[in-house]
Amino acid sequence: FRLVYRFDIYSEKPLSRYYVYVDAITGDIIHKISRINNADRPGTGITVYNGEQNITVSDVEESVYWHVNSWNAFGGTGESWWMADTNLGTYGGYDNRWYQVLDSDSILIEGTNPTLTFYSRYSCEIPGGEPAGYDGWDGMNVRISTDGGNSWEVLMNPTPAYSNSSLYSFGEIHGEGTGIPGWTAQQLNWIQVTFDLSGYSGQSVQIRFAFA
């Protein structure tokens, strides 16, 4: 047995919380127990168009910066998915060479004229001065997988359209080559985005929101 002090140490940035056991005689730290425990949790969520759906709240690695946040959330209340590191910049930002994705669970595409509809706002680097073959630096696009996430293709022809046709971040930094489109620059007000999914009717798909 050893006589110890137990401290409850909490940090907001970076997020951590531990019971820290300190030897009362020597001052040595002899043990730490994390009070933040992670695991995937099944649950349900109410969707706009498809009623109650099963969801899994995922336990993600610390290096993944998609998170639910109330800052400037859609509609002025509640929370929205936000891709940012809140330690970077005044209002949170992103770092060099990032490739961050937010994937859905598998969805069976059914019904007449199925569409994917969501709301989006963003702020990233202004295009200009890119190497030959590219017309934008950083940006985002939406992708789809029909094989359980083994392969992905960019969903094309959104409304509103992708602002740029060939992003350097996807093409050069992450090795996808020229011709990868996406939204760039700034869209500081929430806008509705729609994709036609009729070409995937009857298939189970996953949707990926990708940023580079």
Side-chain angles (χ1 to χ4, degrees), residues 12-15 58 60-76 79-104 115-147 149-197 199-200 205-212:
E12 282 191 354
K13 295 181 179 180
L15 180 64
S58 178
V60 296
E61 297 178 4
E62 188 174 342
S63 60
V64 177
Y65 292 100
W66 282 99
H67 59 283
V68 176
N69 198 285
S70 60
W71 183 76
N72 277 354
F74 174 71
E79 296 178 315
S80 297
W81 282 103
W82 184 20
M83 199 295 300
D85 181 351
T86 54
N87 292 310
L88 294 175
T90 304
Y91 300 109
Y94 58 94
D95 210 347
N96 292 324
R97 310 186 73 86
W98 270 15
Y99 197 133
Q100 300 289 326
V101 300
L102 177 67
D103 293 348
S104 77
T115 60
L116 167 67
T117 301
F118 60 92
Y119 290 85
S120 173
R121 68 185 299 272
Y122 50 85
S123 178
C124 50
E125 190 169 359
I126 304 297
E130 299 83 1
Y134 298 102
D135 62 0
W137 294 105
D138 306 334
M140 71 252 20
N141 56 36
V142 181
R143 303 178 179 220
I144 193 166
S145 174
T146 59
D147 58 7
N150 292 313
S151 62
W152 299 85
E153 61 178 305
V154 177
L155 272 174
M156 302 300 289
N157 302 314
T159 303
Y162 290 126
S163 56
N164 295 74
S165 62
S166 186
L167 299 193
Y168 181 85
S169 54
F170 288 113
E172 188 69 22
I173 300 300
H174 297 289
E176 297 184 39
T178 58
I180 305 298
W183 294 289
T184 70
Q186 294 182 330
Q187 172 58 55
L188 300 182
N189 296 313
W190 288 98
I191 59 169
Q192 180 175 290
V193 180
T194 302
F195 287 89
D196 179 7
L197 297 184
Y200 300 92
V205 306
Q206 287 179 269
I207 302 296
R208 166 171 288 182
F209 299 89
F211 173 87

If every non-hydrogen atom of [X] is compared with every non-hydrogen atom of [Y], which pair is closest and at what distance?
{"X": "Pro131", "Y": "Trp137", "answer": "CD-CH2, 3.7 Å"}
{"X": "Ala84", "Y": "Gly92", "answer": "CB-C, 4.3 Å"}
{"X": "Ser145", "Y": "Gly149", "answer": "OG-N, 2.8 Å"}
{"X": "Trp183", "Y": "Ala161", "answer": "NE1-O, 3.1 Å"}

- Query: Just one of Phe211, Trp98, Tyr99 clears the ring pair (Phe, Tyr, Trp, His ring centres under 6.0 Å) bar with Tyr65, so which one?
  - Reply: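 When Phe211, Trp98, Tyr99 are each tested with Tyr65, the ring pair (Phe, Tyr, Trp, His ring centres under 6.0 Å) holds only for Trp98.
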- Check each of Phe118, Phe195, Tyr119 against Phe209 using the ring pair (Phe, Tyr, Trp, His ring centres under 6.0 Å) test, and report the only one that passes. Phe118
Heavy-atom donor-acceptor pair, [X] side chain to [Y] backbone, under 3.5 Å:
{"X": "Gln187", "Y": "Asn189", "answer": "yes"}
{"X": "Asn164", "Y": "Asp135", "answer": "yes"}
{"X": "Glu176", "Y": "His174", "answer": "no"}
{"X": "Thr178", "Y": "Ser166", "answer": "no"}
{"X": "Trp190", "Y": "Asn72", "answer": "yes"}
{"X": "Ser169", "Y": "Ala212", "answer": "yes"}
{"X": "Thr115", "Y": "Thr194", "answer": "no"}
{"X": "Trp71", "Y": "Ser80", "answer": "no"}
{"X": "His67", "Y": "Asp85", "answer": "no"}

- Query: Stepwise, does the side-chain contact (heavy atoms from CB on, under 4.5 Å) test hold for Thr117 with Val193?
  - Reply: CA-CA 6 Å; Thr117 301; Val193 180; over 6 Å; no
- Report the C-alpha distance between Asn141 and Ile180 in whole Å, list the side-chain angles of each, state the deciding distance to 0.1 Å, and finish with yes or no for side-chain contact (heavy atoms from CB on, under 4.5 Å). CA-CA 9 Å; Asn141 56 36; Ile180 305 298; 3.6 Å; yes
Do [X] and [Y] have side-chain heavy atoms sitting under 4.5 Å apart?
{"X": "Leu116", "Y": "Ile207", "result": "yes"}
{"X": "Leu155", "Y": "Ile144", "result": "yes"}
{"X": "Glu125", "Y": "Tyr94", "result": "yes"}
{"X": "Leu167", "Y": "Pro181", "result": "no"}
{"X": "Trp66", "Y": "Trp82", "result": "no"}
{"X": "Trp81", "Y": "Asn69", "result": "no"}
{"X": "Asp196", "Y": "Asn157", "result": "no"}
{"X": "Ile191", "Y": "Pro160", "result": "yes"}

- Message: Just checking Asn150: does its CG atom have more than 12 heavy atoms from other residues, nucleotides or ligands closer to it than 6.0 angstrom?
- Response: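 Atom CG in Asn150 is packed in, count exceeds 12.
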- Query: Salt-bridged, Glu172 to Arg97, with N to O below 4.0 Å?
  - Reply: no
- Message: With rounding to the nearest 0.5 angstrom, report the CZ to CD distance, Arg121 to Gln186.
- Response: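 These two atoms lie 9.5 Å from each other.
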- Message: Working to the nearest 0.5 angstrom, can you tell me the gap between Arg208 CZ and Asp103 CG?
- Response: 4.0 Å
- Task: Assess Arg143 against Trp152: is NZ or CZ under 6.0 Å from the centre of the six-membered ring, and within 45 degrees of the ring's axis?
- Result: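 Because its charged atom misses either the 6.0 Å distance or the 45° angle limit, Arg143 does not stack over Trp152.
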